[in-house]
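Step one of this worksheet: look at the structure below.
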Amino acid sequence: MARWLVKTEPDECSIDDFAENPDRAIVWEGVRNYQARNFLRDMAVGDECFIYHSSCKHIGIAGIVKVFRSAYPDPAQFDPESPYHDARSTTDNPRWTAVDMIFVSKLPRLITLDELRGLSGLEGLSLLKRGSRLSVMPVSESEWETIVALC
DNA sequence: GCCAACGTTGGC
DNA sequence: GCCAACGTTGGC
């Protein structure tokens with residue numbers, strides 16, 4: 001099983017949105033970066049993902065979700081009403097990928113960005129690299145354990 | 001709201 | 001294929 005970290009603005013979709021409906025999968029849509037999309041394509045059902053809250057008051061890792069449905073064409077790209085619409089995408093040749101995620105757990109407390117920066121063993125994590133904007137990234141087994149151990 | 005860093009676009 | 005201009009991200 002692979003592990004991942006996905007960023008989200010909690011105003012849009014937070015760990016609480018998952019926790020409030022633990023039996024309902026949520027479409028992870030709107031990723032519009034090729035590198036991040038390629039990681040979405042690599043996700044398998046059952047893979048676990050850290051949910052990272054960004055661009056908000058309390059920045060950090062808030063919980064864990066898992067892949068419920070693996071990669072399929074992001075429906076938002078075909079929807080002219082969606083902010084994620086992409087006129088260049090066709091059903092024959094879709095450009096963007098979605099997955100469905102489902103709740104696993106909320107961390108006992110938020111693991112803040114500052115805390116993550118203070119840990120050794122996370123030097124390879126894209127999240128912590130200067131200027132990184134990648135919104136979907138792999139997390140190694142040891143990185144995962146290092147972070148989980150904080151809780 | 002600022003702004004550094006980054007990815008994408010498009011003219012050449 | 002280069003690269004300047006532009007739009008976006010995201011911490012502060």
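Worth saying up front: this structure is predicted, and the values here are computed from it rather than measured. Hydrogens, waters and symmetry mates are skipped; everything else that's a heavy atom, side chains included, is used. Below, read A as the first sequence line, B as the second, and so on, with proteins coming before strands; counting in each chain starts at 1.
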How many angstroms lie between CZ in Arg41(A) and OG1 in Thr97(A), if you round to the nearest 0.5 Å?
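OG1 of Thr97(A) is found 4.5 Å from CZ of Arg41(A).
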Rounded to whole angstroms, how far apart are [atom1] on [X] and [atom2] on [N]?
X	N	atom1	atom2	result
Asp86(A)	dT8(B)	CG	C1'	12 Å
Arg32(A)	dT9(B)	CZ	C1'	17 Å
Tyr34(A)	dT8(C)	OH	P	15 Å
Asp114(A)	dG11(C)	CG	P	11 Å
His53(A)	dC12(C)	NE2	C1'	19 Å
Asn33(A)	dG10(C)	CG	C1'	14 Å
Leu134(A)	dT8(C)	CG	C1'	14 Å
Leu127(A)	dT9(C)	CG	P	16 Å

Out of [options], which nucleotide sits closest to the side chain of [X]?
X	options	value
Leu113(A)	dT8(B), dG11(C), dA5(B)	dG11(C)
Arg88(A)	dT8(B), dG10(C), dT9(B)	dT9(B)
Ser54(A)	dG10(C), dT8(B), dA5(B)	dG10(C)
Ser55(A)	dG10(C), dG7(B), dA5(B)	dG10(C)

Remember a base hit wins even if backbone is also touched, and classify Arg117(A) as base, sugar-phosphate or nothing at under 4.0 Å, heavy atoms.
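Counting heavy atoms under 4.0 Å across all strands, the contact made by Arg117(A) is with sugar-phosphate only.
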Do the side chain of Gln77(A) and the main chain of Asp74(A) share a donor and acceptor less than 3.5 angstrom apart?
yes
Going by the angle between their ring planes, with limits at 30° and 60°, are Trp144(A) and Phe50(A) parallel, tilted or perpendicular?
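The arrangement is parallel - the two ring planes meet at less than 30°.
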Within 45 degrees of the axis of the six-membered ring of Tyr72(A) and under 6.0 Å from its centre: does Arg69(A) put its NZ or CZ there?
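Cation-pi check for Arg69(A) and Tyr72(A): passes.
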For [X] and [N], is the shortest distance between a side-chain N/O and OP1 or OP2 below 4.0 Å?
X	N	result
Tyr52(A)	dG11(C)	yes
Arg130(A)	dA4(B)	no
Lys7(A)	dT9(C)	no

Kindly determine whether Leu127(A) and Ser132(A) satisfy side chain to side chain contact (heavy atoms under 4.5 Å, CB included), including the steps that lead there.
CA-CA 6 Å; Leu127(A) 179 75; Ser132(A) 171; 5.9 Å; no
